Amino acid sequence: MEKRVDRICSFLMACLLLIHISCTENSRVEDLRKELPENIQSSLQELYPDEIPQSTEQIIDPSTEEVCYYVSFSDGIYFVFNAAGEWTSIHFNSKELPSSIQTTYEDAIRQIEAETTSPIQALDKTLYGIAFGLEDQRWLAYSTEDKKLLGKEMEHNTGLQPNQYLPDQVYVFASFSFDAEIEHVIVPLDESQSDFRYSLWLSNHIVVDFDQNNDWLEVRHAEKAYLPDSFYSSLPGDVVEQLTEACPEKNIYLVRQMKSEQTIQYDFETDDQQIWGFSIPNPDYTSPTILPDKEVRAFINRYFGGSLSNSMVLPLDSKDRVVVSLSNGFDFTVNMQGEWMNIDNHNFGWSALKEELISSEILKAVEEKYQTTITSISRPLDQPQVQYILADEGDQVYYVYSATEFVAQDSPRTPYEKAYRYIRYHYPTEISFWLSYEQGKYRALLDDGTSLLFDGKGELIK
C-alpha cells in the first residue's frame, strides 16, 4: 500500500512539474512584433508571416542618422526597417529566401542565378534598386526600374571611401562637379563585354558612367531632375555657349560625351525629350607625323650612295626632327623639311662621304689647333650666327664661326650617349636597338642575340 501511495505521489509531482514548465514557457513566449510600430508589423506579416521574432531593437542608422528597427529571428534571418515601415536590409545567411522575396524579385533572382552559382544571402535597398549579397562576398546591383542587373557594386558595406579605390581622374570629376557624395560604385560583370568601367551613383541621384580610359561617358539624373550648374563648368566653354543659345532654360537631365580621335561629340537631352548635339575638335588629337622619307633618301643618295640600310626614329623629346641610322655606323638628323641638322660618324671618319658637308679647311683648322679628331658636325638652324658646332670623341665641342674663329668648351657626354656610341661603333649594322635602364645599369639586346650591359657611367661591363 505504501508503495502504491508513493507511485501516485510521484505521478502527481510529475504532472505538477509539467504544468509548471508549460506555464513558464508560455510566460516567455511573447509576440515581440507587438512592440514594433504598426506599419512594421504589417510589413513583417507580408514578408515573414507566422514567424515570431527572437529580438527587436530600435537603432539609429549611422549613414542617415534616422531611426530604424532591427528585427531578428531564431533561424538567423534578420530585417532592418525604416520609420516608414519599409525594409532596407534583409540577411538570412544560407537559409532559403523568404517566399515573399522570391515572388517579388523573381526576375532579378533568375538573372543572378544565370550569372553565378553562389547563393543569395542578403538584400539591401539602394539608390539604384537592390544590392544582392552573395555567399562569395560579392554584391550584385539590380535596377528595379530597368529590371536588369547593372553589374557588381564595389566595396559595398566595407567602410572604404571611394577616394581609396577609385582612380583619381574618376573620383575628382565626380566629387567636384556635382556637389554630392558618391554612394555606390558599380563595375561590369564582364569588362570585356561592356562599354563602361565605372558607374557612380551620387547622393543627389545623379549617375555618372566612365569608360575604360576613365573619361566620363554619360551624366544623367535618375529622376530626370535638371543637372546642376557646377557640372556645366566642367564642359568646354564653346560647348556651354552653344548650349545656352539653343536651350537657355537648361532643363537638361542627360548628357553624353563621345570621343573619337579627332572630335568630341556632346549630346544633351531635356525632360521634354528634346535633344541637342554639338561637336568640337578633340584637343588631345595630334595629326599623324609625316616623315620626310623623300628628303632622307635624297640625302643618303647624295652623300653616301643608295645601297645602305637605314632606320628612322622620332626622338622622345622632340617631334620636329628625325634621327636616321645607317648600316655604315653613321647617324644623321634632319628636320621635317629634310634639312640636315647633325651628322655623327661614330669614329668611322669622314671618308665615307661622297662630298663635303662643310669645308675641310674648317675641320682641319680645329683638329690641328686642338690636336683632336672631329666625329660630329651640327648645324643649328635656329641660330644663324653660329655656322657649325663640331664635337670630338672626348668631352669637347667647338663653336665655329669661320675657318679662323672658333671656341672650345667642355660638354661631357651623358652615360646614355656613351653606351649608344659604343654600340654604333662596334656593331654598325645594328640600326635599330633599345637601351633600357634598370637598377643603375643600361642594357641592350641586339638582333643577333648579343646582350650588352653598361654601368651607370655608360662604360661597358665585360
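Heavy-atom basis, side chains included; hydrogens, waters and symmetry copies ignored. Please read all numbers here as calculations on a predicted model, not as lab measurements.
Classification of the Phe79-Tyr48 ring pair by plane angle, with boundaries at 30° and 60°, yields tilted. The aromatic rings of Phe132 and Tyr142 stand perpendicular to each other, their planes meeting at an angle above 60°, with 30° marking the opposite boundary.
Applying the side chain to side chain donor-acceptor pair (under 3.5 Å) test to every pair with at least one member in residues 222-244, sequence neighbours left out, gives these pairs: Tyr226-Asp271. Residue pairs meeting the salt bridge (charged side-chain N to carboxylate O under 4.0 Å, His left out) criterion with at least one partner in residues 412-429, sequence neighbours excluded, are Asp331-Arg424, Asp344-Arg421, Glu393-Arg421. Applying the salt bridge (charged side-chain N to carboxylate O under 4.0 Å, His left out) test to pairs two or more places apart or on separate chains, none has a residue in residues 180-198. Note on residues 205-221: pairs passing salt bridge (charged side-chain N to carboxylate O under 4.0 Å, His left out), not counting sequence neighbours, are Asp209-Arg220, Asp215-Lys259, Glu218-Arg220, Glu218-Arg256. Pairs of residues two or more places apart, or lying in two chains, that qualify as side chain to side chain donor-acceptor pair (under 3.5 Å) and include a residue from residues 150-167 are Asp124-His156, Asp124-Asn157, Tyr128-Glu153, Glu153-His156, Glu153-His184, Glu155-Thr158. Every pair tested for ring-ring contact (aromatic ring centres under 6.0 Å, His included) that includes a residue from residues 99-123 fails, sequence neighbours excluded, so the list is empty.
Annotation: the span from Trp276 atom CH2 to Phe268 atom CZ amounts to 10.5 Å, rounded to 0.5 Å. Atom CD1 of residue Ile206 and atom CD1 of residue Ile182 lie 12.0 Å apart, to the nearest 0.5 angstrom. Taking CG from Leu453 and CD1 from Ile461, the interatomic distance works out to 4.0 Å, rounded to the nearest 0.5 Å.
A search for ring-ring contact (aromatic ring centres under 6.0 Å, His included) contacts involving Phe433 returns Tyr420, not counting sequence neighbours. Residues forming a side chain to side chain contact (heavy atoms under 4.5 Å, CB included) with Glu65 (at least two apart in sequence, or on another chain): none. Under the side chain to side chain contact (heavy atoms under 4.5 Å, CB included) criterion, Ser451 pairs with Arg443, Leu445, not counting sequence neighbours. In this structure Ala84 satisfies the side chain to side chain contact (heavy atoms under 4.5 Å, CB included) test together with Asn82, Glu86, sequence neighbours excluded. In this structure, Tyr198 has no ring-ring contact (aromatic ring centres under 6.0 Å, His included) partners at least two apart in sequence or on a different chain. Listed by chain and number, the residues in a ring-ring contact (aromatic ring centres under 6.0 Å, His included) with His205 amount to none (sequence neighbours excluded).
The environment of Ile290 atom CD1 is sparse: at most 12 non-hydrogen atoms of other residues, nucleotides or ligands sit within 6.0 angstrom. Atom CG of Asp272 has more than 12 heavy atoms from other residues, nucleotides or ligands within 6.0 Å. Taking a 6.0 Å sphere around CG of Asn347, one finds it holds more than 12 heavy atoms contributed by other residues, nucleotides or ligands. Within a 6.0 Å radius of CD in Glu145, no more than 12 heavy atoms belonging to other residues, nucleotides or ligands are found.
Looking only at atom types and distance, the side chain of Arg138 has a donor-acceptor partner in the side chain of Thr116 under 3.5 Å away. A donor atom on one side chain and an acceptor atom on the other are not found under 3.5 Å apart for Thr103 and Ser100. For the 3.5 Å distance criterion, the side chains of Asn310 and Ser327 fail to qualify, holding no donor opposite an acceptor. Using modelled atom types and a 3.5 Å distance limit, the side chains of Gln41 and Asn39 yield no donor-acceptor pair.
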>> For a salt bridge (Lys or Arg N to Asp or Glu O under 4.0 Å) check, start with the C-alpha distance between Lys457 and Asp455, then their side-chain angles and the critical distance, and finish with the verdict.
In response: CA-CA 5 Å; Lys457 296 179 180 180; Asp455 63 20; over 6 Å; no

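If you look at Tyr266 and Phe278, their ring centroids are not closer than 6.0 Å. Ring-centre distance between Phe299 and Phe332: below the 6.0 Å cut-off. Between Tyr425 and His346, the gap from one ring centroid to the other reaches at least 6.0 Å.
Of the residues Ile377, Thr375, Asn328, the one that meets the side-chain contact (heavy atoms from CB on, under 4.5 Å) test with Asn345 is Thr375.
Under the 4.0 Å criterion applied to side-chain N and carboxylate O atoms, Lys148 and Asp146 are not assigned as salt-bridge partners. Under 4.0 Å is where a charged nitrogen must lie from a carboxylate oxygen, and between Asp107 and Arg110 at least one such pair does.
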